[in-house]
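Read through the structure below, which is laid out as structure tokens, and then see the notes.
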Amino acid sequence: MKRVCVFTGSNPGNHEHYNAAAVQLGEAIAARGCELVYGGASLGLMGSVADAALAAGGRAIGVMPRGLFRREIAHMSLTEFHEVEGMHERKAMMASLSDAFIAMPGGLGTYEELFEAACWSQIGIHAKPIGLLNVRGFYEPLLELLRHTVREGFMRETSLSLFLVESDPARLLERLAAYTPPQGAAVR
Ligand code: AMP
């Protein structure tokens with residue numbers, strides 16, 4: 001596992017725990033000798049993960065759509081910064097650069113990126129591990145929604161195991177690195 005893609009909020013959230021976890025995750029990615037791939041912004045939890053990875057001597061790669069976000073929110077000190085044409089191209093590039101995905105707490109942007117990664121794994125487009133960093137139990141309601149989806153017959157129980165859930169960043173990275181895709185999963 002060389003590069004880890006992190007989806008997370010462009011806002012900091014209402015509790016200091018979120019920022020602290022973003023810092024720990026950035027540091028843990030650097031400590032493993034992995035590179036961070038993310039959306040390239042300097043604000044919110046996104047900025048905190050990147051700042052922490054860089055401060056710990058790691059590498060951070062940003063991918064941002066040209067013209068979609070205000071230019072001044074782009075992080076100016078990244079190891080690499082890629083400008084792409086739009087959100088679809090951004091997600092495609094973030095995914096192709098990365099060996100694993102982590103969703104930290106965030107909003108609609110984070111959910112959208114997380115669900116594309118999970119859906120594409122479910123149908124075999126990729127076989128990369130997906131982690132949820134469950135800070136302050138943030139993802140409990142989402143996990144309950146997924147269990148509800150299984151109970152109601154719209155998702156296979158086995159698809160729940162696509163989500164590796166941990167509250168500790170270093171432990172989550174450990175599990176992502178040890179992940180073996182389910183038999184029959186596509187490796188692309
Ligand atoms: P959200 O969770 O709604 O704050 O959105 C965060 C996710 O969507 C990030 O992982 C980014 O890829 C993308 N995103 C949303 N807002 C921004 C922004 N202002 N700058 C850069 N990326 C953003």
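Owing to the predicted nature of the structure, the values given are computational and were not obtained by experimental measurement. Counting starts at 1 for both ligands and their atoms, following the listed order.
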Note to self: Considering non-hydrogen atoms of the protein only, which is the closest contact for atom 12 (O) of ligand 1, and what is the distance?
What the structure shows: E113 OE2, 2.5 Å
Check: Applying a strict 4.0 Å limit to heavy atoms, is R90 in contact with ligand 1?
Finding: yes
Next item on the list: Just jot down the ligand 1 atoms closer than 4.0 angstrom to any heavy atom of G9, in number order.
Entry: 2 (O), 4 (O)
Next item on the list: Establish, yes or no, whether a centroid distance under 6.0 Å links the rings of H15 and F138.
Entry: no
Margin query: Apply side-chain hydrogen bond (donor to acceptor under 3.5 Å, both in side chains) to residues N134 and E166 and explain how you reach the verdict.
Written below: CA-CA 6 Å; N134 197 16; E166 287 290 339; over 6 Å; no
Notebook entry, point to check: Where on E112 is there a heavy atom closer than 4.0 Å to ligand 1, on the side chain, on the backbone, on both, or on neither?
Noted result: neither
Next item on the list: Hey, could you give me the CD1/CG distance between I102 and L114, rounded to the nearest 0.5 Å?
Entry: 11.5 Å
Check: Where do M1 and L173 land on the side chain to side chain contact (heavy atoms under 4.5 Å, CB included) test, with the steps shown first?
Finding: CA-CA 9 Å; M1 186 171 77; L173 289 170; 4.1 Å; yes
Item checked: Sub-3.5 Å N/O-N/O distance, G107 and ligand 1 -> yes
Next item on the list: For ligand 1, find out whether one of its N or O atoms is nearer than 3.5 Å to an N or O atom of N11.
Entry: no
Next item on the list: Go through the steps for E80 and R59 under the test side chain to side chain contact (heavy atoms under 4.5 Å, CB included), then give the verdict.
Entry: CA-CA 8 Å; E80 282 176 35; R59 294 167 56 86; 3.5 Å; yes
Note to self: Out of all atoms in ligand 1, which are within 4.0 Å of some heavy atom of G106? Include the element for each.
What the structure shows: 2 (O)
Notebook entry, point to check: Which atoms of ligand 1 have any heavy atom of A41 under 4.0 Å away?
Noted result: 20 (N), 21 (C)
Check: Taking both backbone and side-chain atoms of G109, is any N or O found less than 3.5 Å from an N or O belonging to ligand 1?
Finding: yes
Next item on the list: Look at atom 23 (C) of ligand 1 and find which of F7, Y38, F69 reaches it with the closest heavy atom.
Entry: F69
Item checked: Sub-4.0 Å atoms of ligand 1 with respect to non-hydrogen atoms of I73 -> 18 (C), 19 (N), 20 (N)
Next item on the list: For atom CG of L145, decide whether the heavy atoms of other residues, nucleotides or ligands shown that lie under 6.0 angstrom number more than 12.
Entry: yes
Note to self: Quick check: is L108 connected to L143 through a chain of hydrophobic side chains (ILVMFWY, heavy atoms under 4.5 Å apart)?
What the structure shows: yes
Next item on the list: Just jot down the ligand 1 atoms closer than 4.0 angstrom to any heavy atom of T8, in number order.
Entry: 6 (C), 7 (C), 9 (C), 10 (O)
Next item on the list: To the nearest 0.5 angstrom, please state how far the CZ atom of R136 sits from the OG atom of S167.
Entry: 13.0 Å
